[in-house]
Trainee: 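I have a structure I would like to understand better, so I am pasting it below and will then ask my questions one at a time.
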Amino acid sequence: MSDARAITELAKRRGFFFGSNEAYGGVAGFYTFGPEGAALKRNVEAAWRDRFTVREGNDEIEAPTIMPEPVFEASGHLDGFDDMLVECGECGESHRADHLVEDASDVEEAESLPIPEVEELVAEYEIACPSCGAALAGRSIEEFNLMFATTIGPGSGQQGYLRPETAQGIFVEFPRLKEYARNKLPFGVTQIGRAYRNEISPRKGIVRTREFTQAELEQFVDPDDDDPPLDRVADVSLRLYPADQQEDPDGEYVEATVAEAVEEGIVASEWVAYYLGVAREWYDRIGVDGDRFRFRQHLPGERAHYAADCWDAESEVSGVASADPTAGDWIEIAGFAYRGDYDLSKHAAHGDDDFTVFEQYDEPRTVERAVADPDMSVLGPEFGGRAGDVADALRALAERDPSAFEGETVTVEVDGEAVTVDTDVANFRIEERTEAGEHVTPHVVEPSFGVDRTVYTLIAHGYGHDLIDGEERTYLSLSPEVAPTDVAVFPLVSDAALEEVADDIVADLRAAGLSVAHDDSGNIGRRYRRQDEVGTPLSVTVDHESVEETPTTVTVRDRDTTAQVRVPVDELAAELEGVLESGGSFETLLAGYDRVETDVTRS
RNA sequence: GCGCCGUUGGUCCAGUGGUAGGACAGUGGCUUCCCAAGCCACUAGCCCGGGUUCAAUUCCCGGACGGCGCACCA
């Protein structure tokens, strides 16, 4: 069985994830996380929050998932997400009608034209299907927007959309967030939440869905002054797959530390490089296999026009760990983009608020500035309703070209018409002003993580087989930090005395904050296997010795190796917590307690 | 959206124009056993709609869902 099939089967059978609404036939692109999957995902989110929010000193917000249309006009999603598809009547291929028109004619931005007009252009330029050459004239063009539309309020209401990414919720609230940050750059805002895309064709199960969870950080920086704390991750080694290597048939990975990647210019942005390092460490911590992981640079055509540099984190999910970058099945699990001031500038242009930060200079600066201060008592009577526009034009001209005010009169263009006024009336002068600082539109560095795909990766990378006493075993080698259940507790046999001890241990461990499973059904081997399959790192078994000897001891079994140690119940909770916490290991138990000699063989 | 293939207990499969069988899993019991053991019993299924037929899980058409390829993935 392929890894993908085995994982899907395990996910369904053991409650990690499965298609939603199956009782009603299901809907493509929607998945429900069952108890194990929801716990795993929750733990991944908590680990992300710990690393990217808490440890970076950032702030997390929670914005609505439904936002009004103007937000997406500003962000570009309304146009950019809108595809005009025309389907060929001969071969059935779908193509972007706007692209075809742009290629065949000198029409630009066909995307912004109304559908009937594009249909006419297709006919007028006798555009043929790029795949089979059949004429496309007369075919109807389907409009498809990847955003889910909804109506806000009763009646016709206000047009709204489910957000296609969590990021806009941060950008749009920037004016308040910068106040909260007391106008000091740099600062970072995170959000973990659902986003929605009405995918044409959802595929690959949980990897590409119509509703999914993102964990995003928007790091706002001053492009001139703010540098990342690069030294913290300087020595983290990265497997990089730069664009030039991707375009070369014999392309190879470039292994470099964060410091080297910056020095050699492989990663253009220091901020991006910093977060590649942070992410690499984090992925390692939650259990992503470094041999099946890489950072891939976007190819020039793939990159959004505003992104100076963009890298994706990718994981291999079919079981192939190869030095050949073209081998294996890679999925994108995070993106790291330097977005410049694109997002905030867009919202500044469309929205009402101030999307800049005022940065004070160390010393106030005296600057000379050419200004026009038109005499409105003259302009008013002369130009009537246009007086304001004339004054604005004069002020703009003064800033742009002070020399225009050297003559007796000055001419500006208002509504395409030349308007001449006396220079005296324009009241032009060079003004000396003291400036305490300047308004800066912050640049944005955006590490954006797909939580569902990360969960899938952890299952794929943790998935393992071995033989225990000749019997095949499936186990999930999940990191203790993200495993759905911390520890399982079993009475070795159905015996009231053993069960009582086991029940007490369950209560104690739960009181200590651990996630505990209890299972007394079936023989002990069967119960170990159940827990192995859902990735429970530790199992505690109460046996006869537990109730016969003093002090009371129990065995603790390690999921991956099946090794066991005998630990006094009094010390159990503290010892288990030690193993489970970030950086902990079963090795410490092996070193501190008697190993239980069993004749169980593992191969 | 298009093309090809598929859909049978929880999971994975077999099979049939007269409504089904296995394996594994699950539940109860015996066994009291530290790695899916054994024995007994039990639970549980033909994706949906239409057509052909005396009769459809089976054949035909459509749909939904899934897999793969194409397109799409801002």
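By convention in this document, chain letters (A, B, ...) are assigned in the order of the sequence lines, proteins followed by strands, and residues within each chain are numbered from 1.
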Trainee: Does the structure show a Watson-Crick or G-U wobble partner for B:G69, both distances under 3.5 Å? Name it, or say none.
Mentor: B:C2

Trainee: Per the atom types in the model, does the base of B:C35 pair as donor or acceptor with the side chain of A:Arg530 at under 3.5 Å?
Mentor: no

Trainee: What does B:C35 pair with, Watson-Crick or G-U, if both distances are under 3.5 Å?
Mentor: none

Trainee: Any idea how A:Trp271 and A:Tyr275 line up, ring-wise: parallel (<30°), tilted (30 to 60°), or perpendicular (>60°)?
Mentor: parallel

Trainee: Is the ring centre of A:Tyr528 less than 6.0 Å from the ring centre of A:Phe490?
Mentor: yes

Trainee: Is there a ring pair (Phe, Tyr, Trp, His ring centres under 6.0 Å) between A:Tyr338 and A:Phe336 once you walk through the steps?
Mentor: CA-CA 7 Å; A:Tyr338 192 94; A:Phe336 302 81; over 10 Å; no

Trainee: Got a donor-acceptor pair under 3.5 Å from the side chain of A:Arg526 to the base of B:C35?
Mentor: no

Trainee: If we call it a pair only when both distances are under 3.5 Å in a Watson-Crick or G-U wobble match, what pairs with B:U27?
Mentor: B:A41

Trainee: What is the base-pairing partner of B:C59, counting Watson-Crick and G-U wobble geometry with both distances under 3.5 Å?
Mentor: B:G51

Trainee: Less than 4.0 angstrom from a charged side-chain N to a carboxylate O is my criterion; do A:Glu9 and A:Arg13 meet it?
Mentor: yes

Trainee: Looking at B:G66, does its base get a donor-acceptor pair with the side chain of A:Arg5 below 3.5 Å?
Mentor: no

Trainee: Using the C1' atom in both, what is the distance from B:C59 to B:G17, to the nearest Å?
Mentor: 8 Å

Trainee: Under 4.0 Å from OP1 or OP2 of B:A36: is there any side-chain N or O of A:Arg529 that close?
Mentor: yes

Trainee: Counting distance alone, no hydrogens or angles: does the base of B:C34 have a donor or acceptor under 3.5 Å from a partner atom on the side chain of A:Gln564?
Mentor: yes

Trainee: Is any side-chain N or O of A:Asn523 under 3.5 Å from a base N or O of B:C33, one able to act as donor and the other as acceptor?
Mentor: no

Trainee: Between the base of B:C72 and the side chain of A:Ser201, is there a donor and acceptor pair under 3.5 angstrom?
Mentor: no

